[in-house]
Amino acid sequence: MNILRRLFPAMFSAFHAKDEPAHGDEQTRTDSSLSVEELQKRFCHVHDACVKELQVNAQAVTLFYVRSLIDAEQLREGILLPLVHGDYDCASRAIISDQVKPVPNLEKAIEQTLQGAVIVFGEGQVFAVHIPSTISRSIESSEQEAIVYGPKDSLSEQLDQNLTMIRRRLPVPELKYCLFTLGTLSKTNVALLYIEGIANPENIRLAFEKTSNIDFDVFFDSSHVSAFLEDHMGSVFPQFQQTDRPDAVAAALASGKIVWLVANTPFALIAPVTFFDLFQSPEDYIHRWMVSSFLRSLRFFAFLFAIVLTPVYVALTMHHYYSIPLEVLYLLMESRSEIPFTPIWEAMFMLLTLEILKEASLRMPTKSGQTLGIVGGIVVGQASVEANVASNILIIHIAVSAIASFLVPNYLMTNSSKLIQFALLILAAWLGMWGIIFGMVWVLIHLTGLTSLKQPYFAPLTPMYWRDWKDTIVRLPLKMMKQRPGHLRPVAKSRMKKEIR
């Protein structure tokens, strides 16, 4: 943080000017328009806005708060009881809380009230005591990135709770975080995390700049924030990794990446990321390195298999049937002998049907969704073959490609593969195998031109970082990975203890 303050003093002064006054004398200065009556006028149609008047040492103290936004137990034990039974000459000294802040004007009082604070009027001073109600669920296992071995906890919607889980894994003072408030209506708190001395200062500066420049009214999810942070809005590939695993967040921070935690959502944003990072699973570092290398390579093969298998079928049956072996061609002609549609429409219809079934199973309740996915897939597939709507060979191709797409651990990348598959399908029907080759070349060109937080998206392939290949398509033993990823340009490049200190 000190490095950033020295490099970019203007940015930090502009950022802190929102919450901190410029002069020490103005910190306790209160606007004359700030009063309980004015607050009541602004909250006149809020049914649970409360005003409580107390008598403390022959002086009147008035409390204003919204009942549904505060913790009633903390109000009683931390504010009411100390004020009524305490023997203090100042109300601010009697209150038991470490979240006491002066309120300079009416707008600040309204903002603090809506964030779960009690506004205290007394002795010519106005200050806010933050006691927000904590509505949270228990820590559960991750559903999106479930693993057999390893930590079972996951992030929740509570920002403080998420910070606690991350700090327990990285108990070092170099772990810094800065708080932003985004959304003119939602007032969503967003925490920016990085490890000072490891993360590249240029990446930190860019992250601060992009986050500070966000201008929108509501933010209800981390994906809303990533839409304003990404470098290429028109790409189908995700440029931020979204995860709800605190161990994955801690590992990303330790490697030199930057993390965004968004209040009221359990998914953190990680950047910069590469195309290859989205195929990694936390379980890769639990298995033996040979098993992990095999599984990771299998994911890349399954991703390629999922996007080209059905287009290759369409290209061969429409343009290159003469290249099919005679025995296979007889089976193919027999299966398609009574199909009235061309292969492109046959494949498009079945792929759309499969996507409808998958989306329906996701939107249905858990037990009903599993039944719908299994029974619906079997019934629709068998009925389509018997009704001569689709050939049995095409059904096998689509089923295998659908199963292969689920091997990718990142759900956003799985969704990207669907659009690529449809695009290749159209090119295959138009130009045959040349269309598929053209489409794959375009995808590679597109990948090499993408960036994530201004860092190359297709690293360590382009540009080439040979040392980073130890943990890309394969994973070598941890003893051989003592260097942090070179494409992140970390300050501390070595993972050895003597250089991290």
Side-chain angles (χ1 to χ4, degrees), residues 18-19 30-31 33-56 60-85 91-92 94-122 125-140 155-164 179-191 216-222 224-225 261-267:
K18 298 178 181 178
D19 297 323
T30 303
D31 191 353
S33 63
L34 176 56
S35 63
V36 179
E37 292 75 13
E38 290 296 329
L39 274 178
Q40 287 181 298
K41 289 180 181 179
R42 298 295 293 269
F43 288 87
C44 61
H45 294 294
V46 180
H47 70 282
D48 56 347
C50 301
V51 177
K52 188 177 293 291
E53 297 181 354
L54 304 174
Q55 199 70 20
V56 180
V61 176
T62 306
L63 309 180
F64 183 87
Y65 58 89
V66 177
R67 187 173 60 251
S68 59
L69 297 178
I70 66 167
D71 190 327
E73 187 68 20
Q74 293 187 42
L75 174 65
R76 186 179 68 87
E77 296 183 357
I79 299 178
L80 294 180
L81 291 180
L83 286 176
V84 174
H85 299 288
S92 60
I95 293 174
I96 303 175
S97 175
D98 59 348
Q99 297 290 330
V100 180
K101 297 180 181 180
V103 180
N105 51 53
L106 180 61
E107 294 301 324
K108 196 68 177 179
I110 296 172
E111 179 183 342
Q112 300 289 344
T113 302
L114 293 174
Q115 291 179 358
V118 176
I119 308 300
V120 182
F121 296 83
Q125 294 183 346
V126 182
F127 52 90
V129 184
H130 280 258
I131 51 172
S133 60
T134 55
I135 303 175
S136 61
R137 57 184 173 89
S138 59
I139 299 177
E140 302 172 352
L155 300 177
S156 66
E157 287 77 10
Q158 292 296 319
L159 185 59
D160 293 338
Q161 185 173 333
N162 295 339
L163 289 170
T164 301
L179 196 64
F180 295 83
T181 301
L182 304 181
T184 55
L185 293 178
S186 62
K187 305 293 183 181
T188 305
N189 289 328
V190 177
F216 201 62
D217 55 353
V218 290
F219 290 92
F220 297 138
D221 189 74
S222 58
H224 300 166
V225 179
L261 295 178
V262 183
N264 303 319
T265 178
F267 291 96

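- Of all the heavy atoms in A109 and L39, the pair that sits closest is CB-CD2, 4.1 Å.
- Looking only at atom types and distance, the side chain of Q115 has no donor-acceptor partner in the side chain of H130 under 3.5 Å away.
- Taking the side chain as every heavy atom from C-beta outward, N162 and D160 never approach each other to under 4.5 Å.
- Residue Y65 holds its OH atom at 12.5 Å from CD1 of I119, rounded to the nearest 0.5 Å.
- Summarising the geometry of L155 relative to P266, their closest heavy-atom pair is CB-O, 3.2 Å, with the distance given to 0.1 Å.
- Note that the CZ atom of F219 and the OG atom of S186 stand 7.0 Å from one another [nearest 0.5 Å].
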For F64 and K52, what are the C-alpha separation, side-chain angles and deciding distance, and is it a side chain to side chain contact (heavy atoms under 4.5 Å, CB included)?
CA-CA 7 Å; F64 183 87; K52 188 177 293 291; over 6 Å; no
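- The CG atom of L80 sits 6.0 Å away from the CG atom of L63 when rounded to the nearest 0.5 Å.
- Side-chain contact check for F43 versus I110: some heavy-atom pair is nearer than 4.5 Å.
- Judged purely by atom type and a 3.5 angstrom limit, H85 has no side-chain atom pairing as donor or acceptor with the backbone of L81.
- Contact annotation: the side chain of L261 never approaches that of V190 to less than 4.5 Å [non-hydrogen atoms, C-beta and beyond].
- Smallest separation of non-hydrogen atoms from P132 and Q74: O-NE2, 4.5 Å.
- When ring centroids are compared, F127 and F121 stay outside the 6.0 Å threshold.
- A263 and T188 get closest at one heavy-atom pair: O-CG2, 3.9 Å.
- Distance NE2/H47 to OG/S68: 6.5 Å, rounded to 0.5 Å.
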Would S97 and I79 count as a side chain to side chain contact (heavy atoms under 4.5 Å, CB included) here? Give the steps.
CA-CA 8 Å; S97 175; I79 299 178; over 6 Å; no
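- No side-chain heavy atom of L114 sits under 4.5 Å from any side-chain heavy atom of K187.
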Please assess L182 against V262 for the test side chain to side chain contact (heavy atoms under 4.5 Å, CB included), listing each intermediate value before the final yes or no.
CA-CA 10 Å; L182 304 181; V262 183; over 6 Å; no
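- In this structure, CG in N105 is found 12.5 Å from CD in E38, a value given to the nearest 0.5 Å.
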Verdict with supporting geometry, V129 and Q99, side chain to side chain contact (heavy atoms under 4.5 Å, CB included):
CA-CA 6 Å; V129 184; Q99 297 290 330; 5.6 Å; no
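- Under 4.0 Å is where a charged nitrogen must lie from a carboxylate oxygen, and between E107 and R42 at least one such pair does.
- Between L75 and V118 the shortest side-chain heavy-atom distance falls below 4.5 Å.
- Distance OG1/T164 to CD/Q158: 10.5 Å, rounded to 0.5 Å.
- Residue E53 qualifies as open at atom CD: its count of foreign heavy atoms under 6.0 Å is 12 or below.
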Give the C-alpha distance, both sets of side-chain angles, the deciding distance and a yes or no for side-chain hydrogen bond (donor to acceptor under 3.5 Å, both in side chains) between T184 and D217.
CA-CA 4 Å; T184 55; D217 55 353; 5.4 Å; no
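- Closest of all the heavy-atom pairs between R67 and C50 is NH1-SG, 3.3 Å.
- Checked by atom type, the side-chain pair D221/T265 shows a donor-acceptor distance below 3.5 Å.
- Closest heavy-atom contact between I70 and S133: O-CB, 3.5 Å.
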